[in-house]
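These notes are about the structure you will find just below.
In what follows, every chain begins at residue 1, and chains take the letters A, B, ... in the order their sequences are listed.
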There are 2 protein chains.
Amino acid sequence: MKMSATIKDVAKLAGVSISTVSRVINDSKPVSSEVKKKVLDAIEELGYRPNEVARTLVTKKSFLIGVIVTDIGNSYVAQMVRGIEEVGKMYNYDILLCSSYGDKETELRFIQLLNRKQVEGIVLLSEIVNEEVKEQMNLLNIPFVYLNRYFYIEDFPTVSIDNHDAAYEMTNYLLKLGHENIAYVTTDEELEYSLEKLKIAGYRKAIEEYGKYSEVLCYTKGYNIEDGYEIGKDILNLKHTHNITAVFCSHDELAIGLMNYLYDNDIKVPEDISIAGYGDIKIASTYRPRLTSIKEPYYDIGAVAIRWIIKELKGEELEKNHIKLPFQILKRESCAKLEE
Amino acid sequence: MKMSATIKDVAKLAGVSISTVSRVINDSKPVSSEVKKKVLDAIEELGYRPNEVARTLVTKKSFLIGVIVTDIGNSYVAQMVRGIEEVGKMYNYDILLCSSYGDKETELRFIQLLNRKQVEGIVLLSEIVNEEVKEQMNLLNIPFVYLNRYFYIEDFPTVSIDNHDAAYEMTNYLLKLGHENIAYVTTDEELEYSLEKLKIAGYRKAIEEYGKYSEVLCYTKGYNIEDGYEIGKDILNLKHTHNITAVFCSHDELAIGLMNYLYDNDIKVPEDISIAGYGDIKIASTYRPRLTSIKEPYYDIGAVAIRWIIKELKGEELEKNHIKLPFQILKRESCAKLEE
DNA sequence: ATGAAAGCGCTAACAC
DNA sequence: GTGTTAGCGCTTTCAT
């Protein structure tokens with residue numbers, strides 16, 4: 001098993017010094033065309049490929065961005081990672097992927113790990129609140145973007161949509177469809193730092209402005225499809241006790257779970273009840289009926305996050321530490337006009 | 001901005017040589033406990049973290065595995081990557097992720113890139129046939145596993161289920177439900193190296209053994225949900241001309257697309273027609289009605305692939321170059337007993 | 001048990 | 001335009 005060729009081998013074969021070879025491969029200084037040819041030939045003959053590890057050691061540029069995610073199996077996470085990776089590649093950056101599965105300690109461990117691997121920046125895609133992460137990152141002193149779909153982050157760069165406005169607009173849309181008693185499905189968890197605070201405020205504002213009816217909040221145990229399914233019974237009750245005609249779920253996952261429950265219990269969407277989601281995850285437009293939702297541009301969020309890091313790496317000082325991206329109300333069949 | 005501490009700084013602060021520090025952090029040679037303490041204290045005080053890049057340069061171990069995927073946005077791909085990453089982490093390996101989006105040249109480029117980054121092994125998760133990849137990989141001389149859900153790979157390590165048997169069993173299951181005219185939906189593409197060859201053979205075998213009816217093949221343009229949707233009209237035709245009562249799709253994506261078409265055209269599944277898929281992607285059990293399918297254990301496929309690489313890295317010579325994992329027929333509501 | 005020194009493969013002054 | 005040399009931060013003989 002022969003070792004792969006090094007710059008020395010190339011230099012020897014071409015009969016030049018290693019610096020000349022370096023100049024040729026990096027195009028860093030002028031090299032006479034005859035010498036250049038000799039070097040190129042030698043490279044070709046030996047199948048030489050520069051060792052990026054050695055290069056990184058001296059240049060301090062690893063062209064690596066660490067990405068810590070909760071679970072790449074979540075479609076919204078995958079979309080963000082796509083954005084991160086694709087834009088990263090445009091600038092020659094590669095992605096080092098770590099999955100924390102939502103564990104606090106694991107997030108911390110991965111930050112250390114990525115640091116040792118000399119990544120130039122980190123995107124943390126979390127679903128929890130982790131104050132220690134902030135301390136750690138401040139020590140590391142490398143560009144860092146903190147993405148979180150459930151909680152807001154202070155003092156650190158973040159990318160998201162305007163959650164208040166999004167919830168407000170969706171509620172108004174449902175109102176416009178003729179629904180007056182609209183339930184909002186949110187989570188049971190404590191609301192400190194929760195984006196639900198903002199979203200509930202947006203929902204509430206629309207309800208209050210409308211003036212005729214009052215809000216109906218419905219609590220789940222979590223944010224997953226199963227949690228949405230479990231809330232099904234409660235929704236059915238609300239339909240009878242409060243004459244709920246539309247349900248606005250704080251996450252598409254909940255909406256899909258709820259629709260599954262309704263399907264399994266022979267309740268028709270949107271004929272019997274309208275359902276709206278939040279996020280526009282992949283399944284929203286695949287499911288039948290298609291789910292009315294708010295498009296959170298996951299791909300773009302990832303793309304913007306990494307572009308931010310790369311800009312910082314280039315020395316550009318960015319002022320704002322929270323970028324807001326536009327959202328969109330996607331009107332699909334799961335919400336229908338209420339016929340009296 | 002202070003640079004992070006190096007082994008030299010630690011040595012100086014602890015008043016020992018760098019070799020001693022190295023011994024402490026690697027636990028590679030005995031060090032007297034008093035010296036050890038001094039070193040540990042110095043490390044603590046400086047917040048020293050070993051530079052893995054420098055370490056890699058001398059040890060030749062990067063603890064990096066390159067993973068080239070088509071698109072992490074595909075749920076089956078994400079599941080495989082989960083398996084790869086999770087098992088990798090157990091052995092301290094990290095994942096360098098690259099998305100080729102199905103482009104041949106990009107696959108090749110990434111192999112070179114990963115090589116330069118000194119990855120110790122590569123998992124290629126492809127959806128095309130790319131002979132050049134094999135040549136390239138043979139030159140690289142590092143462990144390599146070639147995963148492909150659509151085509152079979154010769155002369156290279158691969159992990160999959162037994163596609164022939166899986167299709168055979170599913171067809172038998174449908175037959176057992178009372179369906180006699182079962183259409184098989186496959187792709188239009190040339191079948192060289194296609195796994196469809198094996199799957200069609202399995203389907204055919206079951207049909208022939210049953211003896212009473214003959215096969216009905218239905219061709220799509222591709223493997224996606226949209227392709228499944230497009231075939232809807234043809235299926236409806238077959239229902240009338242050939243009295244088709246069940247459709248076995250070569251991929252879950254096609255089945256979901258088809259069910260969407262049927263939903264949009266008020267055909268009930270499974271009342272009017274039974275639908276079976278292949279793969280058990282995430283949406284199969286979320287969609288309503290739930291899709292009867294064949295479980296391809298994507299997570300396990302990824303896990304086995306990387307374990308293979310790691311074993312090879314440890315010097316264990318593996319004999320077989322194709323591992324077959326067990327599959328499972330998942331019986332769900334999209335297929336019903338045919339009542340006469 | 002500890003230190004000195006070589007060297008991993010490369011870049012970047014610095015000479016000429 | 002090209003070669004020489006000094007590191008980058010670490011591990012690993014080889015002495016002591």
Side-chain angles (χ1 to χ4, degrees), chain A residues 2-40 42-43 46-64 92 112-120, chain B residues 2-40 42-43 46-64 92 112-120:
Chain A
K2 65 172 189 310
M3 288 301 294
S4 49
T6 74
I7 197 170
K8 262 185 188 164
D9 302 323
V10 176
K12 195 181 295 170
L13 183 61
V16 299
S17 73
I18 60 166
S19 7
T20 301
V21 177
S22 175
R23 280 162 197 140
V24 171
I25 58 185
N26 294 308
D27 210 17
S28 49
K29 291 241 169 130
V31 174
S32 73
S33 56
E34 25 186 358
V35 173
K36 191 177 212 160
K37 188 183 176 330
K38 276 197 295 182
V39 172
L40 259 15
I43 287 175
L46 295 170
Y48 168 73
R49 302 279 168 246
N51 180 331
E52 293 291 340
V53 169
R55 188 177 273 175
T56 296
L57 187 58
V58 15
T59 60
K60 259 100 192 90
K61 289 205 63 65
S62 64
F63 285 101
L64 244 34
N92 287 315
Q112 297 302 340
L113 177 77
L114 292 170
N115 177 231
R116 291 208 307 266
K117 294 251 183 194
Q118 310 301 114
V119 298
E120 296 183 43
Chain B
K2 63 174 195 305
M3 286 302 294
S4 48
T6 73
I7 196 169
K8 261 187 189 164
D9 304 321
V10 175
K12 196 181 295 170
L13 183 63
V16 298
S17 74
I18 60 166
S19 356
T20 302
V21 178
S22 175
R23 280 163 197 139
V24 171
I25 59 183
N26 294 307
D27 210 20
S28 50
K29 290 241 169 131
V31 174
S32 73
S33 55
E34 26 187 357
V35 172
K36 191 177 212 159
K37 189 184 176 330
K38 278 197 294 183
V39 172
L40 259 15
I43 287 175
L46 296 170
Y48 168 73
R49 301 281 167 243
N51 180 329
E52 292 291 340
V53 169
R55 191 176 269 175
T56 297
L57 186 58
V58 17
T59 61
K60 259 103 191 80
K61 288 204 65 66
S62 64
F63 285 101
L64 245 32
N92 288 316
Q112 297 303 340
L113 176 77
L114 292 170
N115 177 232
R116 290 207 307 265
K117 295 250 183 196
Q118 308 302 116
V119 299
E120 296 184 43

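Between A:V31 and A:V39 the shortest side-chain heavy-atom distance does not fall below 4.5 Å. Residues A:L64 and A:Q118 have side chains not in contact (no heavy-atom distance under 4.5 Å, counting atoms from C-beta outward). By the 4.5 Å heavy-atom criterion applied to side chains, A:T56 and A:V53 are not counted as neighbours.
Between B:T20 and the phosphate of C:dT2, there is no side-chain N or O to OP1/OP2 separation shorter than 4.0 Å. Dashed line: the shortest gap from a side-chain N or O of B:S19 to OP1 or OP2 of C:dT2 is not under 4.0 Å. Regarding contacts with the backbone of D:dG3, a side-chain N or O of A:S17 is found under 4.0 angstrom from either OP1 or OP2. Close to D:dC8, at under 4.0 Å from its OP1 or OP2, lies a side-chain N or O of B:K8. In this structure, B:N26 reaches the D:dT11 phosphate: one of its side-chain N or O atoms is under 4.0 Å from OP1 or OP2. Proximity of A:K60 to the phosphate of D:dG9: a side-chain N or O atom is located under 4.0 Å from OP1 or OP2.
Judged by distance alone, the side chain of B:E120 and the main-chain N or O of B:S62 form a donor-acceptor pair under 3.5 Å. Between the side chain of B:K29 and the main chain of B:S19, no donor-acceptor pair closer than 3.5 Å is present.
Comparing C:dA4, D:dG9, D:dT2 by their nearest atom to the side chain of B:V58 picks out D:dG9. The side chain of A:L57 sits closest to D:dC8 out of D:dT11, D:dC8, D:dT13. Candidate nucleotides C:dG9, D:dC10, C:dT11 were compared by shortest atom distance to the side chain of A:N51, and C:dG9 ranks first. Residue B:P50 places its side chain closer to D:dC10 than to any other of D:dC10, C:dA4, C:dA1. For A:S32, the side-chain atoms get nearest to D:dG1 when compared with the rest of D:dG3, D:dG1, D:dG9.
Atom CZ of B:R116 and atom P of C:dT11 are 11 Å apart (whole Å). Summarising the geometry, the separation between CZ on B:R55 and C1' on C:dG7 is reported as 17 Å, rounded to the nearest angstrom. Distance CG (A:L46) to P (C:dG9): 14 Å, rounded to an integer number of Å. When the P atom of C:dT2 is taken as reference, atom NZ of B:K12 falls 21 Å away, rounded to whole Å. Atom CZ of A:F63 and atom P of C:dC10 are 16 Å apart (whole Å). Between the CD1 atom of A:I7 and the C1' atom of C:dA12 there is a distance of 12 Å, given to the nearest Å. In this structure, the NZ atom of A:K61 is 19 Å from the P atom of D:dC8, given to the nearest Å. Taking atom CD1 of A:I18 as the reference point, atom P of C:dA13 lies 15 Å away to the nearest angstrom.
No contact: B:V53 has no heavy atom under 4.0 Å from any strand. Residue-level contact check: A:T59 touches the backbone only, with heavy atoms under 4.0 Å from sugar-phosphate atoms and none from bases.
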| task | Would you sort out whether A:E52 and A:R55 count as a salt bridge (charged side-chain N to carboxylate O under 4.0 Å, His left out), showing the intermediate values? | result | CA-CA 5 Å; A:E52 293 291 340; A:R55 188 177 273 175; 3.2 Å; yes

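Residue whose closest nucleotide on DNA chain D sits further toward the 5' end, between B:K29 and B:A54: B:A54.
Taking 3.5 Å as the limit, the base of D:dG3 and the side chain of A:R23 contain a donor-acceptor pair of atoms between them.
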